[in-house]
Amino acid sequence: MSISVQHVFKLYGEQKALDDVSFDVSAGQVVGFLGPNGAGKSTMMKIITSFIPQSSGSVTVCGYDVNEASIDVRRVVGYLPEHNPLYHEMYVREYLEFIAGLHRISGNRSRRIDEMIEMTGLGAEQHKKIGALSKGYRQRVGLAQALIHDPKVLVLDEPTTGLDPNQLVEIRALIRSIGKEKTVLLSTHIMQEVEALCNRVIIINKGKIVANDDTAVLQQNTGSSGTVIAEFDKEVAKHQLLKIAGVNDVQLVSGNTWTLTGKPGIDIRPEVFKFAVEQGLTVLSLNKSANTLENIFQQLTRP
Ligand code: ADP
Ligand code: MG
């Protein structure tokens, strides 16, 4: 197992940032760690990379315990922190040399740096100061830094946050190619990112794991098979919609448009029509909603 997390708790004072978190990531997987802000993603990643200790529970990376063998953990893990703390006064190359030194990279250090610059597309920027780079290029420096010691496991904390759409596409392509050779755990609050990059998704909310499955399986299984979007001609009260047979959950989209979620496997559309007739409403539109990760995520992490 590349990453094994067992019954981890993390307390910040009174607050439980992680509340009995367990999951495994096996070698070669690209796993999306998804959750709203404050869910505990960064905290979990800092523990996995041996930057902060957990309050209780156990975590191993490639078999190394994060507390007892933190040096080995740092050897096998590459980490791109959330607020990628780069030295703005350093030149790109100088910084990578510095990081290579920290990792005591033996052999031809300069060639390894060339490889990283090539892999992350930093060629044209390599003689600039980090402070002079755009956010997208700083993320590339962060990835080069995380990869320089050829780690088996990569932990990327919101690697695409703050990038413009072009940079986003480029960094995702880079992560996809890296993911062919390494185990990757990447956090994000962007669902499309998980759909684009990950074969597995772990969803965390308020410090607890609320879903952990293959991306495709989660899309099939999570009861939104029966989710429809209905627009009525007049105002309807939520409590009335909740009385429709088979309806589990109701959310207002806007105006008189609602998302109605049925019990798994039930098509609620006939009942919605019947309800409309009984109430003297006209159904202006009634569509099955695509079973996207986006609405799965919203169902699982709604406050
Ligand atoms: P995420 O990365 O999912 O946005 P975090 O792991 O950063 O979430 O934070 C989880 C919770 O723990 C949040 O409520 C946050 O405010 C709290 N938290 C994070 N770091 C600290 C800290 N150093 N001291 C106190 N509370 C913290
Ligand atoms: Mg975070």
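Start at 1 and go down the list; that is how both ligands and their atoms are numbered. Atom set for the values below is all heavy atoms of this structure, side chains included, hydrogens, waters and symmetry mates excluded.
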Atom 27 (C) of ligand 1: the protein heavy-atom neighbour that sits closest, reported with distance to 0.1 Å: Tyr12 CD1, 3.2 Å
N, O or S atom of Met45 closer to the Mg ion (ligand 2) than 2.8 Å: no
Subset of ligand 1 atoms that lie under 4.0 Å from at least one heavy atom of Asn37: 4 (O)
Ion pair check, Asp150 and Lys182, cut-off under 4.0 Å: yes
Donor-acceptor pair between Gln29 and Thr183 side chains, under 3.5 angstrom: no
Nearest protein heavy atom with distance in Å, relative to atom 8 (O) of ligand 1: Gly40 N, 3.1 Å
Any N or O of Glu82 closer than 3.5 Å to N or O of ligand 1: no
For atom 7 (O) of ligand 1, closest protein heavy-atom neighbour: Ser42 CB, 3.7 Å
Residue, atom name and distance, where the atom is the protein heavy atom closest to atom 10 (C) of ligand 1: Gly38 O, 3.4 Å
Ligand 1 contact on Ser187 by region, counting heavy-atom pairs under 4.0 Å: neither
Within 6.0 Å of CZ in Phe23, more than 12 heavy atoms from elsewhere: yes
N, O or S atom of Glu82 closer to the Mg ion (ligand 2) than 2.8 Å: yes
Within-shell test, Gly35 vs ligand 1, heavy atom, strictly < 4.0 Å: no
Donor-acceptor contact below 3.5 Å, side chain Gln126 vs main chain Gly123: yes
Protein residue, atom and distance nearest to atom 16 (O) of ligand 1, heavy-atom basis: Gln15 OE1, 4.4 Å
Plane angle bin for Tyr79 and Phe51 - parallel if under 30°, tilted between 30 and 60°, otherwise perpendicular: tilted
Closest heavy-atom pair and its distance - Val66, Ile48: CG1-O, 3.4 Å
